Amino acid sequence: MIPLRTFAAALGVATSIVVAAPAGAQQLADRVSSGGDGAVQFSFSARPGVCGNGRSFVSIGSNTYVGSYSITNGVVRESCDTGLVRVVVNRAGSTITSVETYVGAPTADSPAPVTRDIGRVPARQAAEYLLSLSARLEGRPGKDAIMPAVLADSADVWQPLLAIARDAARPRETRTSALTWLGRA
């Protein structure tokens, strides 16, 4: 945990920080960018306590749900299955247009099929790659790359998230997302 005083002081510093992608993340970036347009998928191990329905929501722990789900009498009705985190990076040429996150096995009503499936990658490598996207992409794709990085098993994402939150050059929504996930830590 970061002491509140230190955290507040850190946020007051207006600096621009560039997060360089480690070698493993660069290899994954090269694999995602090779090829043309379309959706590229990869998967990795999730932290303990992470589950999802494979199409519309992810749960972290017992009280945090992200996405859409059905509730009856205060209880989520849909099953929440553990499994790999699946990330779909949608590309138009060399531009990443979206980053989507799913946990659990794909279902018949899962989003459209992917153009290319890279397969399973090391969780730390995936987290490093996703955080490097958050540190450089504009708009929603940068913001949306944070959550799957946080879900990666055995990945130390907190210092890179703090760097993103401090980076005044990052879009506000990306910085806010980084702060939200830091707050949940």
Side-chain angles (χ1 to χ4, degrees), residues 17-35 38-61 64 66-67 80-91 94-106 110-165 167 170 173-175 177-182 184-185:
I17 300 170
V18 177
V19 178
Q26 186 57 49
Q27 291 171 358
L28 181 55
D30 292 344
R31 292 174 66 193
V32 170
S33 66
S34 67
V40 179
Q41 175 178 275
F42 58 92
S43 58
F44 53 90
S45 299
R47 290 184 184 280
V50 173
C51 62
N53 67 353
R55 68 183 187 293
S56 66
F57 79 86
V58 174
S59 173
I60 303 110
T64 302
V66 178
C80 194
D81 302 318
T82 57
L84 298 176
V85 177
R86 291 182 294 116
V87 174
V88 178
V89 177
N90 291 292
R91 298 168 27 88
S94 62
T95 303
I96 293 175
T97 59
S98 69
V99 177
E100 302 167 11
T101 305
Y102 308 96
V103 176
S110 290
V114 298
T115 306
R116 196 163 40 102
D117 188 349
I118 293 174
R120 191 170 179 170
V121 300
R124 286 184 181 147
Q125 186 180 77
E128 291 167 353
Y129 166 67
L130 291 161
L131 289 172
S132 74
L133 292 181
S134 292
R136 67 178 174 81
L137 292 179
E138 297 297 324
R140 189 169 184 132
K143 173 188 142 319
D144 288 347
I146 292 175
M147 184 179 79
V150 171
L151 301 179
D153 188 32
S154 302
D156 182 13
V157 298
W158 312 116
Q159 289 301 321
L161 281 178
L162 185 56
I164 291 167
D167 186 354
R170 292 290 78 230
E173 65 183 349
T174 302
R175 296 176 69 201
S177 180
L179 285 172
T180 299
W181 287 105
L182 282 165
R184 290 180 179 168

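In this text, all values refer to a predicted model and were calculated from it rather than measured experimentally.
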Participant: Can you give me the closest heavy-atom contact between G52 and C80, atom names plus distance?
Facilitator: N-SG, 3.4 Å

Participant: Return the set of residues passing salt bridge (Lys or Arg N to Asp or Glu O under 4.0 Å) with E173 (not counting sequence neighbours), or none when no residue passes.
Facilitator: none

Participant: Do L130 and I146 have side-chain heavy atoms sitting under 4.5 Å apart?
Facilitator: no

Participant: The criterion is salt bridge (Lys or Arg N to Asp or Glu O under 4.0 Å); which residues satisfy it with R140, sequence neighbours excluded?
Facilitator: D144

Participant: I would like to know whether V88 and V40 meet side-chain contact (heavy atoms from CB on, under 4.5 Å); could you show each step before the answer?
Facilitator: CA-CA 6 Å; V88 178; V40 179; over 6 Å; no

Participant: Evaluate the side-chain proximity of W158 to L182: yes if any heavy-atom separation is below 4.5 Å, no if none is.
Facilitator: yes

Participant: Donor-acceptor pair, distance only, cut-off 3.5 Å: does the side chain of R175 make one with the backbone of A165?
Facilitator: yes

Participant: Among residues at least two apart in sequence or on other chains, which ones pass side-chain contact (heavy atoms from CB on, under 4.5 Å) with A152?
Facilitator: F44, A123, A127, A155

Participant: Quick one: list whatever passes side-chain contact (heavy atoms from CB on, under 4.5 Å) with D117, sequence neighbours left out.
Facilitator: Q41, V114

Participant: What pairs with T101 under side-chain contact (heavy atoms from CB on, under 4.5 Å), at least two apart in sequence or on another chain?
Facilitator: V85, M147, P148, L151

Participant: Provide the closest heavy-atom pair for A145 versus V99 in the form atom of the first, atom of the second, distance.
Facilitator: CA-CG1, 4.1 Å

Participant: For Y129, is there any backbone N or O sitting under 3.5 Å from a side-chain donor or acceptor partner on S132?
Facilitator: yes

Participant: Output, in order, the C-alpha distance, side-chain angles, deciding distance and verdict of side-chain contact (heavy atoms from CB on, under 4.5 Å) for V89 and R91.
Facilitator: CA-CA 6 Å; V89 177; R91 298 168 27 88; 4.2 Å; yes

Participant: Distance-only, no hydrogens or angles: does the R86 side chain make a donor-acceptor pair with backbone N or O of G54 under 3.5 Å?
Facilitator: yes

Participant: Which pair of heavy atoms, one from A126 and one from V121, lies closest together, and at what distance?
Facilitator: CB-CG2, 3.9 Å

Participant: Can you measure from OG (S43) to CG (L84) and round to the nearest 0.5 angstrom?
Facilitator: 4.5 Å

Participant: Looking at every non-hydrogen atom in both residues, tell me the closest pair between A178 and I164 and how far apart they are.
Facilitator: CB-CG2, 4.0 Å

Participant: With rounding to the nearest 0.5 Å, note down the distance linking CZ in R136 to CD1 in I96.
Facilitator: 5.5 Å

Participant: Does the R120 side chain pair with the main chain of F42, one donor and one acceptor, at a distance under 3.5 Å?
Facilitator: no

Participant: If we count only N and O atoms by modelled type, under 3.5 Å, do the side chains of D30 and S33 hold a donor and an acceptor together?
Facilitator: no

Participant: Under the side-chain contact (heavy atoms from CB on, under 4.5 Å) rule, what do S56 and Y102 come out as? Steps first, then yes or no, please.
Facilitator: CA-CA 7 Å; S56 66; Y102 308 96; over 6 Å; no

Participant: Say whether, by atom type as modelled, one donor and one acceptor occur between the side chain of R116 and the main chain of V32 under 3.5 angstrom.
Facilitator: yes

Participant: Quick check against the 3.5 Å criterion: does R170 have a side-chain atom that pairs as donor or acceptor with the backbone of L137?
Facilitator: yes

Participant: Hey, what do you get for CZ (R47) to OG1 (T82), rounding to the nearest 0.5 Å?
Facilitator: 16.0 Å

Participant: Measuring from N53:CG to D81:CG, what's the distance to the nearest 0.5 Å?
Facilitator: 8.0 Å

Participant: With a 3.5 Å distance limit and no angle check, can you tell me whether T174 reaches the backbone of S134 through a side-chain donor-acceptor pair?
Facilitator: no

Participant: Just to verify, what does S98 make a side-chain contact (heavy atoms from CB on, under 4.5 Å) with, not counting sequence neighbours?
Facilitator: N90, E100

